[in-house]
Amino acid sequence: MLRAAAAAAAIFPARFAAAPAVAAAEELRSPLLRVIGTLRDGRGSVLLGRRVRFCSNSSASDTEAAVAEAEAKAEDASAAEGEADSKASSAIVPTSTNIDDCLSVIALPLPHRPLFPGFYMPINVKDQKLLQALIENRKRSAPYAGAFLVKDEEGTDPNIVTGSDSAKSIDDLKGKDLLKRLHEVGTLAQITSIQGDHVVLLGHRRLRITEMLQVEEDPLTVKVDHLKEKPYNKDDDVMKATSFEVISTLREVLRTSSLWKDHVQTYTQHIGDFNYQRLADFGAAISGANKLLCQEVLEELDVYKRLKLTLELVKKEMEISKLQQSIAKAIEEKISGDQRRYLLNEQLKAIKKELGLETDDKTALSAKFRERIESKKDKCPPHVLQVIEEELTKLQLLEASSSEFSVTRNYLDWLTVLPWGNYSDENFDVHHAQKILDEDHYGLSDVKERILEFIAVGKLRGTSQGKIICLSGPPGVGKTSIGRSIARALNRQFYRFSVGGLADVAEIKGHRRTYVGAMPGKMVQCLKSVGTANPLVLIDEIDKLGKGHSGDPASALLELLDPEQNVNFLDHYLDVPIDLSKVLFVCTANVIEMIPNPLLDRMEIIAIAGYITDEKMHIARDYLEKNTRQACGIKPEQVEVTDTALLALIENYCREAGVRNLQKQIEKIYRKIALQLVRQGVSNEPDHESVSASVTEESGNGDNTTTKDEILKDPAVEDASVTNNVTNPASEEANEENLTSEAAKEDSTSKGNKGTDGAADKAIEKVVVDSSNLGDFVGKPVFQAERIYEHTPVGVVMGLAWTAMGGSTLYIETKKVEEREGKGALVLTGQLGDVMKESAQIAHTVGRAVLLEKEPDNHFFANSKVHLHVPAGSTPKDGPSAGCTMITSMLSLAMGKPVKKDLAMTGEVTLTGRILPIGGVKEKTIAARRSAIKTLIFPAANKRDFDELASNVKEGLEVHFVDTYSEIYDLAFQSDAGTETS
């Protein structure tokens, strides 16, 4: 129907001069409107009974000629009807009057739209029996059939398009089932042509199904009545006005719709007795309305009502056409506007280039690069300037569209943006550095001393180059934040990048420029980011370097971290030497044994063992708790965390060397407190009036505030790490007093306001966290007490061990399994490593020798099978420092004597009884203090390591340094064993 409508759009009438419903006469080329215009003669009377034929070809002139010929031969309507039958593309055809005898017809289902009288409709017939019956009927004298629209299935919406094949389901219906799905009113259709399963129908008049006449195996045949329109008054003014409005609307639709005009080629039309009912059918047929609305027009026999229904359809079609036109206009304006803007811009560029007002892109790029390097020309090395000039010359010779142009442009961008010879002024003030380190970190006096020594040497030399610092220690002890503090103290820019898991050498040395997406290495990116040639670069996790098919990054770092080689560091991308000798490198590592020896040889190791319980208490109380309370929006008077709670938190939940986990647990406590306060109805949001007043007060004192901030803050360096930054105790006490006084003032003011307003808030109980209710906030304790014996029994001795998380204590237990002459043996359990198993064998041998010396008559080791166990069994253990502890445990079992109370020892033993030095003295000392050990035994070679410990770590400990095991024997089994020592 859209094609039929498109056809009608090109041939619709245009002569409306005599119609009173038309505002002004307008001459259109379509011949059909001229025929519609003949509905009224010059005197206003309707001309009925004339038979007119006209034809529409591809051009307008041919169309008018065909119309003139049709009007001249109006009496030859029957001949025109014969000619119309030979044209396959006709839209409106002549009707026949000798069809009154067709009272029974074959029913053809129409799935999409009804067929109106006077119009062609092609359909596809899939049923072979039905197709054969149509062919036979066409051979007879009455080639007619009934075309009836198919009803929609129950429960379906005709306006919703689905993927189901409705035509296929209709073809499957037969007999009564098909009759139930057909509308009663249809059209008597002439079968004009049949080609394969393609059947072309021509509508003649309306039909109504009365009953079914069919044999079961034959196609559906129905008995029909021919319907006629109800009588009407053709001179009725309302009827005339309605018809003229339909004509006017159709003319507007055909004028605005481009869809039908684009598809029109050739149409033939024959209207016999053109009248109001034919006008209504014509409007409904060419509209794109819903099939049910078109069926309603087909079923309507009242001519006036049919015209009104058609008017509604064509009005709706006109609105759709206008909407289509507006959409097309908007899109066309957008496209034409973009094209116009592009053309104008290109013309403007050409004009400016001709007048010399604007240079091309290559000249602008060259000017930008030359401007960058101009300020650095005096400090930039000559070989770099030469490369830049060569690349600029090369850039001018390249086409902007070539790939080499982009490579050269990016290369020049990197070369000119680097800070050649731009150094920041260093600050070697030791007192300033001491103040910053004390502000940022609590404790770590030995580490601070080493850093101050480093800065002092830099002051005497005038530069801090020549050293690569490596901070080693467990996670969370403040290695990264110490690097930031050094940068603040020296007034250097800070840059950090991690090499953990790095397996590509190009990340250090850069890519070759021949690769797509090539970039410089991390050091060149660092210099571009900080803008100075002497930053402090923190290389994090250097002990976790990877190694893959792209090379060994550890070997690439050898050149970077060697002060003798990095003077001429060569990046693969830049391909020019860069001086990195002024860069201060600080590396961090957890286990220095994992660092390759050539790389470790270039570093100065500063060990950060961790924090003892007292230091953790100060850090938690002075910094972590305050920061967390402020972050959670809780006031100091609303909560109290007791010292016993913090101590229990440190001992039972956060035994690791660092304070990162301690911060997490404190945050967990304060989050639960915040939830508890909110549930009680507490709100710490400031009032709008107080906020505005404070803003006004700050604006009044804006100059002083700005000066103070500029003095306290260093804009070049980030603030210190959250995990380890603490404030100076003296300044903290002053700050606490100020905060307390301000809080008291605010509290009194708020109380006064509340009293004035008359609002009586219910009293909020202060939340107190102590050791008794700590489990309600952080759950069950993670760690149990390492000390499981108050008085160690016979055969049990406490040893000291080092772990990556710090130090810990462990017990060596021995038990006699069986005793039989000559059956001496040793059984080992507890997931011991190879080194520890060898230490146990050595301990068994040395123990037999010592026992033979001390008690010659005791043959315990020769006749007893001994089982040695190191709890806990699920933890792997290895290392040589448990040798003396194993000997003491075996001798305690052999002699039946317990060792001295509160005693712990560590040291590697040889077969001759000599005690060798061990590592991790500070970690093991901290672990001993945590288990309330009073007496420690260390190898004599570790005395210097112990003396370097802070005084608060050594306080209250009785420490003995031994060279041979005989000394340990005398200390462990002395006569006053079991009594406390001071």
Side-chain angles (χ1 to χ4, degrees), residues 1 3-4 81-82 84-91 93-153 164-226 291 295 298:
M1 285 300 101
R3 292 185 179 273
E81 182 178 350
D85 187 54
S86 64
K87 295 181 180 290
S89 59
S90 301
V93 295
T95 60
S96 176
T97 57
N98 300 323
I99 56 175
D100 295 332
D101 297 333
C102 297
L103 301 179
S104 61
V105 293
I106 297 176
L108 293 177
L110 302 180
H112 304 298
R113 290 178 63 87
L115 174 62
F116 284 90
F119 283 84
Y120 278 116
M121 175 179 286
I123 63 172
N124 292 324
V125 179
K126 301 297 183 182
D127 190 352
Q128 294 300 320
K129 291 185 178 180
L130 178 59
L131 183 63
Q132 190 63 33
L134 294 178
I135 294 175
E136 292 177 358
N137 280 359
R138 188 167 183 269
K139 293 179 180 179
R140 297 196 298 267
S141 59
Y144 296 103
F148 300 93
L149 182 66
V150 177
K151 298 178 182 177
D152 293 314
E153 296 183 10
S164 60
D165 192 356
S166 59
K168 183 177 179 181
S169 61
I170 291 299
D171 293 337
D172 296 338
L173 297 178
K174 304 293 181 184
K176 294 182 179 180
D177 296 334
L178 177 60
L179 183 63
K180 292 179 181 178
R181 291 289 302 277
L182 298 179
H183 284 275
E184 292 184 357
V185 177
T187 307
L188 181 64
Q190 179 183 350
I191 305 170
T192 60
S193 67
I194 299 178
Q195 296 180 358
D197 60 352
H198 188 72
V199 179
V200 179
L201 304 177
L202 170 61
H204 282 277
R205 60 176 59 177
R206 288 169 170 76
L207 300 176
R208 185 189 300 275
I209 299 175
T210 57
E211 60 178 315
M212 182 178 69
L213 300 175
Q214 178 190 18
V215 184
E216 288 297 329
E217 57 271 11
D218 292 337
L220 176 62
T221 305
V222 294
K223 185 177 180 180
V224 296
D225 288 341
H226 293 241
K291 64 178 182 179
Q295 178 68 25
L298 184 66

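Below, each value reflects all heavy atoms present in this structure, side chains not excepted, and no hydrogens, waters or symmetry copies. These numbers were taken from a predicted model, which means no experiment stands behind them.
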**Item:** 4.5 Å side-chain heavy-atom contact, Phe148 and Ile209
**Value:** yes

**Prompt:** Between Leu201 and Ile191, is any pair of side-chain heavy atoms under 4.5 Å apart?
**Reply:** yes

**Item:** Candidates Gln295, Arg181, Arg113 - the one meeting side chain to side chain contact (heavy atoms under 4.5 Å, CB included) with Leu149
**Value:** Gln295

**Request:** Working to the nearest 0.5 Å, report the span between CD of Gln132 and CD1 of Ile135.
**Result:** 5.0 Å

**Prompt:** Who passes salt bridge (Lys or Arg N to Asp or Glu O under 4.0 Å) against Asp225, sequence neighbours left out?
**Reply:** none

**Asked** Got a donor-acceptor contact below 3.5 angstrom from the Arg206 side chain to the His226 backbone?
**Response** no

**Message:** A side-chain contact here means heavy atoms from C-beta on lying under 4.5 Å apart; do Thr187 and Phe116 qualify?
**Reply:** no

**Partners meeting side chain to side chain contact (heavy atoms under 4.5 Å, CB included) with Ala133 (sequence neighbours left out)** = Ile106, Pro219

**Prompt:** So how far is it from Leu182 CG to Leu220 CG, rounded to the nearest 0.5 Å?
**Reply:** 6.5 Å

**Message:** Using side-chain heavy atoms (C-beta onward) and a distance below 4.5 Å, is Leu207 in contact with Val185?
**Reply:** no

**Request:** Decide yes or no for Val200 and Met121: does some side-chain heavy atom of the first lie under 4.5 Å from some side-chain heavy atom of the second?
**Result:** no

**Message:** Using 0.5 Å steps for rounding, measure from the OH atom of Tyr144 to the CZ atom of Arg205.
**Reply:** 9.0 Å

**Message:** Do Leu131 and Val199 make a side-chain contact, defined as non-hydrogen atoms from C-beta onward lying under 4.5 Å apart?
**Reply:** yes

**Fill in**
Residues pairing under salt bridge (charged side-chain N to carboxylate O under 4.0 Å, His left out) where one sits in residues 185-204, two or more places apart or in two chains, turn out to be Lys126-Asp197

**Request:** Could you tell me the separation between the CD1 atom of Ile123 and the CG atom of Leu115, rounded to the nearest 0.5 Å?
**Result:** 9.0 Å

**Message:** Taking the side chain as everything from C-beta on, heavy atoms only, tell me whether Leu108 gets closer than 4.5 Å to Leu134.
**Reply:** yes

**Item:** Non-neighbouring partners of Lys223 that pass salt bridge (Lys or Arg N to Asp or Glu O under 4.0 Å), sequence neighbours left out
**Value:** Glu211

**Prompt:** Counting distance only, does the side-chain N/O of Thr221 pair as donor-acceptor with the main-chain N or O of Val105 below 3.5 Å?
**Reply:** no

